[in-house]
Visitor: 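Following this message is one structure expressed as structure tokens.
No experiment lies behind these values; they were computed from the predicted model shown. Letters go in sequence order (proteins before strands), and every chain restarts at 1. All values below come from the heavy atoms of this structure, side chains included, with hydrogens, waters and symmetry mates left out.
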There are 2 protein chains.
Amino acid sequence: MSGAQLSDHTVTKHTIHEVARRAKVSITTVSRTINTPSLVDPATAKRVSAAIEELKYYPDTHARSLVSGRSRILGLIVSDITNPFFPELVQGFEDIATRQGYDVLVSSTNYDSARMTLSVRRMLERKVEGVAVMTSEMDDHLIEQFARRSVPMVFLDVGTPGEHISNIVVDYAMGVNEAVAHLVGLGHRRIGFVSGPQDLLSAQARRGAFVRSIEAYGIASDGRLIVQGDHKVTGGLDAMNRLLKLPERPTAVLASNDLTAVGMMRAVRLAGLVVPRDISIVGFDDIWLAEFTEPPLTTVRLSRRELAEKACGALIAGLSAAPRPREYGIETHLVIRESTCPA
Amino acid sequence: MSGAQLSDHTVTKHTIHEVARRAKVSITTVSRTINTPSLVDPATAKRVSAAIEELKYYPDTHARSLVSGRSRILGLIVSDITNPFFPELVQGFEDIATRQGYDVLVSSTNYDSARMTLSVRRMLERKVEGVAVMTSEMDDHLIEQFARRSVPMVFLDVGTPGEHISNIVVDYAMGVNEAVAHLVGLGHRRIGFVSGPQDLLSAQARRGAFVRSIEAYGIASDGRLIVQGDHKVTGGLDAMNRLLKLPERPTAVLASNDLTAVGMMRAVRLAGLVVPRDISIVGFDDIWLAEFTEPPLTTVRLSRRELAEKACGALIAGLSAAPRPREYGIETHLVIRESTCPA
DNA sequence: GCGCCGCATGTAAACGTTTTCATGAATATA
DNA sequence: TATATTCATGAAAACGTTTACATGCGGCGC
């Protein structure tokens, strides 16, 4: 009988009232069993839990958020989810957030400020309880919108900790120094650098660290050896081509990120040269791909897991009133593979 | 004065009531100006809009969802966001969803069924209006939970369209045929295949397509030439090593996905051979990386953009009562680069 | 001039929780 | 024994919307 079939599939809306009726208590008690079990008699709690189990009841998030003012959502803004650096970050962030009972609203802005504005708008509407901004296109106007609502924020390298703002500062200099030391130790003196987009603060930091490091080794930094990329493969390819055309080409080149290095390696091969015999290459980030390029890439590791942990941790800490650190440091270290060899 | 400063930052909660008061209308009228402008006098609407603008008011999503029963959230479940195939899919999906006013809750299950159960639970709690399942670890029990609530679902290749279920069927055979034709045309006869994990339906489909295609060309399919990978780089590497140890090794090998192909190429090089001179390799998916491997990878393209569009489209169509297609087809096509050459 | 209809607007009831406050019972304190 | 204190529970208000229903008003056909 189709009527019977239909009612098989019909679901009574399982609200807190149903549970209450079933357990013969008030809805208040049900709510308490879920949220503050210490306030309810163990025997009653058991009865309520049984009813919940039976009905497969779970509270309506919207109703809950409406009255409690807490959405249990965290926002995560990245610049380009297509860059292998970010999925790992997203994954780690989600892991941790989920474990703490938070859901994550991810947004990839594609370096586009209109998109960014839209993301912020959406996050505001969903009343996120915290936002991690892992990109630099965030303008003050948008920051203010979160600040105004006392939403904790955490930034990467952007560096103005404040009431609700934490900052993660990556020690780029550390890894870059290790890389330069490694190269110098191998006898390299003409060392080039392919930077990222100049408006990206983290890219600026990487470049700055390189210049300082080079000079620390008594090598006069040569402007012609520093060319601009875009943190993508094609940018690295173009940049390396320019470097190769130099009258005196570098014997080693550092990249601002691994994608850039991949493009650079391709440019070298296209020029009929081989890495590392003719030119050594060092990347930055240590994305999974670095292990599988040809040859495997020597690179500076920036742990995504650690980044995710600190970012998420900062946000969740920011939700409690307790005093908390406003700055989190992250180290970077050289990982030596096969894209470098003596000059 | 600190008091003054403080009040600078104080925000009055901008509710619909504030707007109403400001525009001298009832909250109903405000609601209507936002949701069904046709029902309100243009002059009034203008006044209301002005008030909204002034207060930078936007409706509270939770309250809205609570009463309307619509969350404006779509769920997207992928198996591994770390696989470059998926970020592009996620990006496309988000683009489209956002444009339609939906937010997206992304979940990467890492091939782990416990995680999957958790994701489903979270999505149910957030009352997603539709779920796209781009992985095969979905068991019937979980599917039923969505079905019970009439949540539209769309699957990839899993193939049991129903009341609320749409299915996207990828024409793997098409691309695989093109690849085999290409190889046979180049004179290859001993053609190998590295499959994906066997419990993945899409991997099974790819393998099946290969076997049928080979036979269509009158080549007896040789079991030893088909070895199993895991859709990751390392699996491809191992698999290719096994293939290379064969008394009569294949002159060309198809991979079940590009990551596998990357591993295979590495194995070939490690064995002191060169692609494509000694062995031709064809990938599957055409992830961005395929263009930048050494040599650039000949592969079968499966458009992520199209996949995202169809998946998202199916969900949104499923929300209206109108009859809609239950099956969406996607073609695949060979992209010839430099990892293949005459036998 | 009367009833009717459509239009613009408003009133009030939901939606499903959390939370404040009140109540009664049981236990400890004097 | 009378009074305070804790403990377990419940009643009802609030959260900020949408929406079903009601109202008043001007125009139209007759």
Visitor: How is A:Thr44 classified with respect to the nucleic acid when contacts are heavy atoms under 4.0 Å: base, sugar-phosphate, or nothing?
Guide: sugar-phosphate

Visitor: Hey, mind stepping through B:Thr61 and B:Arg72 against side-chain contact (heavy atoms from CB on, under 4.5 Å) and telling me if it holds?
Guide: CA-CA 9 Å; B:Thr61 355; B:Arg72 297 246 124 200; 6.0 Å; no

Visitor: How many whole angstroms separate atom CZ of B:Arg21 from atom P of D:dG16?
Guide: 14 Å

Visitor: Do the side-chain N or O atoms of B:Thr29 get closer than 4.0 angstrom to the phosphate oxygens (OP1, OP2) of C:dG10?
Guide: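 Affirmative; the distance criterion is met.
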
Visitor: Taking five pairs at each end, how big is the angle between the two axes of the helix from C:dG1-D:dC30 to C:dA30-D:dT1, to 10°?
Guide: 40°

Visitor: When you compare the protein's N or O atoms with those of nucleotides 21-24 of chain C, which come within less than 3.5 Å of each other, and at what distance?
Guide:
none

Visitor: Using salt bridge (charged side-chain N to carboxylate O under 4.0 Å, His left out), reason through B:Asp41 and B:Arg47 one step at a time and then give a plain yes or no.
Guide: CA-CA 10 Å; B:Asp41 182 281; B:Arg47 231 168 54 241; over 6 Å; no

Visitor: For B:Asp60 and D:dG16, give me the distance from atom CG to atom C1', rounded to whole Å.
Guide: 6 Å

Visitor: Counting side-chain heavy atoms from C-beta on, which of C:dT18, C:dG10, D:dG10 comes nearest to A:Ser26?
Guide: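 Of the options given, the side chain of A:Ser26 lies nearest D:dG10.
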
Visitor: Which residue in the set A:Ile16, A:Thr15, A:Val19 passes side chain to side chain contact (heavy atoms under 4.5 Å, CB included) when paired with A:Ile27?
Guide: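 Testing each of A:Ile16, A:Thr15, A:Val19 against A:Ile27, the sole residue satisfying side chain to side chain contact (heavy atoms under 4.5 Å, CB included) is A:Ile16.
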
Visitor: What's the shortest heavy-atom distance between B:Leu307 and B:Phe85, and which atoms?
Guide: CD2-CZ, 3.9 Å

Visitor: With respect to the phosphate group of C:dT17, does any side-chain polar atom (N or O) of A:Ser68 fall under 4.0 Å of OP1 or OP2?
Guide: no

Visitor: Which of these nucleotides, C:dT19, C:dT9, C:dG10, is closest to any side-chain atom of A:Ser31?
Guide: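 So the nucleotide nearest the side chain must be C:dT19.
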
Visitor: Please evaluate residues A:Thr135 and A:Val78 with respect to the criterion side-chain contact (heavy atoms from CB on, under 4.5 Å), reporting the C-alpha separation (whole Å), side-chain torsions for both, the decisive distance (0.1 Å), and the verdict.
Guide: CA-CA 6 Å; A:Thr135 164; A:Val78 301; 5.9 Å; no

Visitor: Measure from NZ on B:Lys127 to P on C:dC15 and round the result to the nearest Å.
Guide: 13 Å

Visitor: Assign each of A:Asn35 and B:Arg47 to its nearest nucleotide of DNA chain C by heavy atoms, then name whichever residue's nucleotide is nearer the 5' end.
Guide: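 This one resolves to B:Arg47.
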
Visitor: Can you tell me how far P of D:dT18 sits from CG of B:Leu66, to the nearest Å?
Guide: 11 Å

Visitor: Does D:dG10 have OP1 or OP2 sitting under 4.0 Å from an N or O in the side chain of A:Thr28?
Guide: no

Visitor: Give one of base, sugar-phosphate or nothing for B:His62, where a contact means two heavy atoms less than 4.0 Å apart.
Guide: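 B:His62: no heavy atom of the nucleic acid under 4.0 Å.
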
Visitor: Is the shortest side-chain heavy-atom distance between B:Cys312 and B:Leu315 below 4.5 Å?
Guide: no

Visitor: Taking the side chain as everything from C-beta on, heavy atoms only, tell me whether A:Ile165 gets closer than 4.5 Å to A:Ile143.
Guide: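 Yes, side chains in contact.
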
Visitor: Could you tell me the separation between the CZ atom of B:Arg126 and the C1' atom of C:dG16, rounded to a whole number of Å?
Guide: 15 Å

Visitor: Could you tell me if the side chain of A:Ile96 sits less than 4.5 Å from the side chain of A:Arg305, heavy atoms only?
Guide: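 Yes. Closest side-chain heavy atoms under 4.5 Å.
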
Visitor: Counting the atoms with a prime plus P, OP1 and OP2 as sugar-phosphate, which does B:Thr15 contact under 4.0 Å by heavy atoms, base, sugar-phosphate, or nothing?
Guide: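 Sugar-phosphate contact only - B:Thr15 comes under 4.0 Å of backbone atoms but never of a base.
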
Visitor: Ion pair present between A:Glu125 and A:Arg122, side-chain N to carboxylate O less than 4.0 angstrom?
Guide: no

Visitor: Return no unless some side-chain N or O of A:Tyr58 is found under 4.0 Å from OP1 or OP2 of C:dG16.
Guide: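 So the side chain of A:Tyr58 is outside the cut-off, no N or O lying under 4.0 Å from OP1 or OP2 of C:dG16.
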
Visitor: Given side chains that start at C-beta, do those of B:Leu156 and B:Ser202 come closer than 4.5 Å, heavy atoms only?
Guide: no

Visitor: Assign each of B:Ser38 and B:Val67 to its nearest nucleotide of DNA chain C by heavy atoms, then name whichever residue's nucleotide is nearer the 5' end.
Guide: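 Comparing both residues, the 5'-ward one is B:Ser38.
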
Visitor: Rounded to whole angstroms, how far apart are CD1 on A:Ile16 and P on D:dG10?
Guide: 12 Å

Visitor: Rounded to the nearest angstrom, tell me the gap between atom CD1 in A:Ile34 and atom P in C:dT18.
Guide: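 Atom CD1 in A:Ile34 sits about 6 Å away from atom P in C:dT18.
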
Visitor: To the nearest angstrom, how far is B:Leu39 atom CG from C:dG10 atom P?
Guide: 14 Å

